[in-house]
Amino acid sequence: MGLSVSWDKDQGAYIPLRHHYLGAPKQISVEQVLNALKPVLENDKIQKVGHNLKFDFSILFRAGIHMKNLFFDTMVAFYCLDPSRSGHDLKDLASEYLGRQLTPIEELIPQKSSRLNRSLPMDQVQIEKVSLYASAEADCTRQLIEKLDPLLKEKRCDSLFYQIEMPLIEILADMELNGIKVDTVFLKKLDDRFSLEIHALESEAYGLAGQEFNLNSSKQLAFILFEKLKLPPARKTKTGFSTDEEVLESLIALHELPRILLKHRELSKLKSTFIDGLLAEVDPGTSRVHTSFNQSGTATGRLSSTNPNLQNIPIRTEQGRMIRRAFIPEKGFVLLSADYSQIDLRVLAHLSGDPVLTEGFNRGADIHRATAAEIYHVRLDQVTDEQRKRAKAINFGIVYGQQAFGLSQSLGISMNDAQNMIESYFHKYAGVREWIEKTKQEAKLKGFVRTLLGRVRYVPEINSKNGSMRSFAERTAINTPVQGTSADIIKAAMIKIYKHLDTQSGRPQVKMLLQVHDDLLLEVPEQHLEKTATSVREDMENAIRLSVPLIADLKTGANWADMEPFKG
DNA sequence: CACTAGTGCAA
DNA sequence: TATTGCACTAGTG
């Protein structure tokens, strides 16, 4: 993601900002490029020399602009045409369309692409190469415009592309540039604490095993557990016996070692991935981490996040929450999180039109409790915690196409009980079952499914003779419209929110930091909290009109773990 | 160094 | 035999 500056030395400069490429394909003057760049560059290190623009590319990097992803916007266009193709495929596709090979920017610059934003300054040779690349990119993009626009219209993906994905590019670029502040001192202390405990657990494990071994090796661990200690193996993987969490849990009653291993697994995961991994990505100058959002990386329309992935920061266990606690606002700011309440189920209610589910949301019910009441035939106030828990598991499972076996596993109940629960569910929510059947049929007929805003996902395997492939395709055919529509909705919300942020000298004072699928994280000046929260809520709840209300839960706090509901 | 497998974190 | 992701470590060639 990012902004890119492009020009052509013969025809003059055109297309200064990526998100203008396809939206407004036209040539513009060098002066217009200069003007467009001013708010970004804040200085005059860019000159017009003859018909060329001349500037030191390192100032772009100093301004925090990442040069990545060739043909970014055309990739997004290809993505709208078929999101199941990976980014690499999209590059090849672009080459096909233009009938020649494209050179990835990574080959022009000797640093690793993921470290591009730290490679400053570039030398003169590199600048020349990047300049050449930028010209070529702009030219190829212009040629692709004519080919892609009619395809988008033909598939009725043009409004998704022009109204949602293109406006989103600038927002994601902004979020990447903002980054999020990390309390590195806190994180390092945590690192020391975890290291000590991990070491102690290792010693303990060696004692119980009667020898030293690599606790991180599932192969060595399987040998210790199932051959040396003769514990009963529960499951096999392709290469040997499984030692995953579920298996270890089942062995706790038989031996002391598994409990130690589980504790060790949790801590070493937290240390290696989330503490060490995160610290390695922090900008030492600002203490902020800048993730990359991939806008064309998922089959459903969701975003993904890399280097580091900030969409999977722990929250469930207390020690995991310690990691989240390290994410803090800048001095004078607070964090504001705004997450959609049960958006997938609301989307399911809307798509299926099921009257019971719809009614539940319309009267503002606790939907898991309501589901429990429906399937257990009890009054709302008679629902037990256990019943609510199971209803919640069903509600989630339905969206993924879960069947009796899976439900029985996740709840630890018999296949029979699970089957009965599912039957009761579909009995009460008959509209959901009908929608599932209708959606599968349509997918078999057309070979694809769509989200509410028209995003397409092809599911060719749905007519496969291979039963497990077909079942998998059926589950994606059900899951994609739900997950994908939720993604459409939050993208629409981000665009509304961003548009309403007050700006000062071109940049919003309120900073959008992260999107985690149904959750937005913003950094807000303390004195603007009230009005920002109000407008964020407004924009999220009115992002798209469904047959059920959309509800956003707002929370604020001085770190990402300890947040209090926003009153108002 | 590139790749796979196993594992586990999130929505 | 529940979807969508990314990344870590071990192990292989």
Side-chain angles (χ1 to χ4, degrees), chain A residues 83-84 86 112 114 213-222 235-248 261-262 264-278 280-281 291-294 297-317 319-321 323-324 339-345 348 393-411 415 418-419 422 457 459 467-484 486-487 490 514-520 560:
Chain A
S84 21
S86 72
K112 276 189 71 176
S114 62
F213 66 102
N214 188 341
L215 275 76
N216 292 318
S217 163
S218 44
K219 193 180 166 194
Q220 294 181 36
L221 183 56
R235 248 180 318 112
K236 286 177 77 163
T237 64
K238 268 185 232 181
T239 54
F241 294 125
S242 171
T243 67
D244 69 11
E245 183 173 348
E246 198 191 322
V247 172
L248 294 183
L261 296 172
L262 284 165
H264 180 271
R265 282 254 175 94
E266 181 187 358
L267 288 178
S268 59
K269 174 77 171 185
L270 292 177
K271 175 172 161 57
S272 68
T273 302
F274 296 107
I275 299 183
D276 300 344
L278 204 55
E281 297 280 355
T291 188
S292 293
F293 288 106
N294 188 345
T298 70
T300 54
R302 279 186 170 186
L303 301 175
S304 70
S305 157
T306 55
N307 305 316
N309 180 358
L310 294 184
Q311 289 181 321
N312 71 339
I313 300 303
I315 190 170
R316 287 171 197 183
T317 69
Q319 278 174 312
R321 292 181 76 88
I323 310 280
R324 211 167 255 240
D339 74 288
Y340 276 116
S341 161
Q342 290 138 3
I343 189 166
D344 284 358
L345 285 178
L348 178 66
I394 287 212
N395 275 331
F396 276 102
I398 291 293
V399 174
Y400 301 135
Q402 190 182 47
Q403 295 182 344
F405 179 87
L407 187 65
S408 70
Q409 289 288 302
S410 62
L411 288 181
M415 276 276 272
Q419 188 58 53
I422 292 173
R457 179 170 185 184
V459 282
S468 71
M469 280 179 69
R470 193 174 58 245
S471 296
F472 189 81
E474 286 176 359
R475 290 196 296 275
T476 36
I478 298 311
N479 176 261
T480 294
V482 178
Q483 191 184 110
S486 300
I490 196 164
L514 299 175
Q515 186 253 50
V516 190
H517 311 309
D518 62 1
D519 202 353
L520 290 177
W560 197 12

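Letters A, B, ... are given to chains in the order of the sequence lines, protein chains preceding strands, and every chain is numbered from 1. The figures here come from the full heavy-atom set of this structure, side chains too, leaving out hydrogens, waters and symmetry mates.
No contact: A:Q409 has no heavy atom under 4.0 Å from any strand. Using a 4.0 Å heavy-atom cutoff across all strands shown, A:S305 reaches sugar-phosphate atoms only and no base atom. Across all strands, A:R475 comes closer than 4.0 Å only to sugar-phosphate atoms, never to a base (heavy-atom distances). Contacts of A:I315 with the nucleic acid, taken as non-hydrogen atoms under 4.0 Å apart, involve only primed sugar atoms and P, OP1 or OP2. Residue contacts for A:F472: at a heavy-atom cut-off of 4.0 Å it reaches the sugar-phosphate backbone alone, with no base atom in range. At a threshold of 4.0 angstrom between heavy atoms, the contacts of A:N214 are confined to the sugar-phosphate backbone, with no base atom among them. Using a 4.0 Å heavy-atom cutoff across all strands shown, A:T476 reaches sugar-phosphate atoms only and no base atom. Within 4.0 Å of A:A404, counting heavy atoms only, lies no atom of the nucleic acid at all.
Separating the CG atom of A:N294 from the C1' atom of C:dG5 is a distance of 10 Å, rounded to the nearest angstrom. The distance between atom CZ of A:F274 and atom P of C:dC6, rounded to the nearest whole Å, is 14 Å. Taking atom CD of A:Q515 as the reference point, atom P of C:dC6 lies 13 Å away to the nearest angstrom. The CG atom of A:L520 sits 15 Å away from the C1' atom of B:dA10 (whole-angstrom rounding). Rounded to whole Å, atom C1' of C:dC8 lies 14 Å from atom CD1 of A:I275. To the nearest angstrom, P of C:dA7 lies 16 Å from CD1 of A:I323. Per the geometry, CZ belonging to A:R235 stands 12 Å off P belonging to C:dT1, to the nearest Å. With rounding to whole Å, A:I398 atom CD1 is found 15 Å from C:dT1 atom C1'.
An OP1 or OP2 oxygen of C:dT9 is reached within less than 4.0 angstrom by no side-chain nitrogen or oxygen of A:S268. Of the side-chain N and O atoms in A:S242, one or more sit less than 4.0 angstrom from OP1 or OP2 of B:dT7. At B:dA10, none of the side-chain N or O atoms of A:R324 fall inside 4.0 Å of OP1 or OP2 (strictly under the cut-off). At B:dC9, none of the side-chain N or O atoms of A:K269 fall inside 4.0 Å of OP1 or OP2 (strictly under the cut-off). Checking the phosphate oxygens (OP1, OP2) of C:dT4, no side-chain nitrogen or oxygen of A:T480 falls inside 4.0 Å. Contact between the side-chain N/O atoms of A:R316 and the OP1/OP2 oxygens of B:dA11 is found at a separation under 4.0 Å. The shortest distance between the side-chain N/O atoms of A:N309 and the OP1/OP2 oxygens of C:dA7 is not below 4.0 Å. Within the structure, a side-chain polar atom (N or O) of A:T237 is placed less than 4.0 Å from OP1 or OP2 of B:dG6. For C:dC6, one of the phosphate oxygens OP1 or OP2 lies less than 4.0 angstrom from a side-chain nitrogen or oxygen of A:S304.
Applying the 3.5 Å distance criterion, the base of C:dG11 shares no donor-acceptor pair with the side chain of A:K219. Judged by atom type and distance alone, A:R302 reaches the base of B:dA11 through a side-chain donor-acceptor pair under 3.5 Å. For C:dT4, its base never sits under 3.5 Å from the side chain of A:Q483 at any donor and acceptor pair.
Residue-to-nucleotide proximity on DNA chain C shows that, of A:P308 and A:Y400, the 5′-proximal contact is made by A:Y400.
The shortest heavy-atom contact between A:L310 and A:W560 is O-CH2, 3.8 Å. Pairing each heavy atom of A:Q483 with each of A:D344, the nearest pair is CA-OD1, 4.5 Å. Scanning both residues, A:L261 and A:L248, for their nearest heavy atoms gives CB-CD1, 4.0 Å.
Dense packing is recorded around CD of A:Q220, with more than 12 heavy atoms of other residues, nucleotides or ligands lying under 6.0 Å away.
Here the nucleotide nearest the side chain of A:N312, chosen from C:dT3, C:dC6, C:dC8, is C:dC6.
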Check the pair A:R475, A:Q402 against side-chain contact (heavy atoms from CB on, under 4.5 Å), reporting the backbone distance first and the verdict last. CA-CA 8 Å; A:R475 290 196 296 275; A:Q402 190 182 47; over 6 Å; no

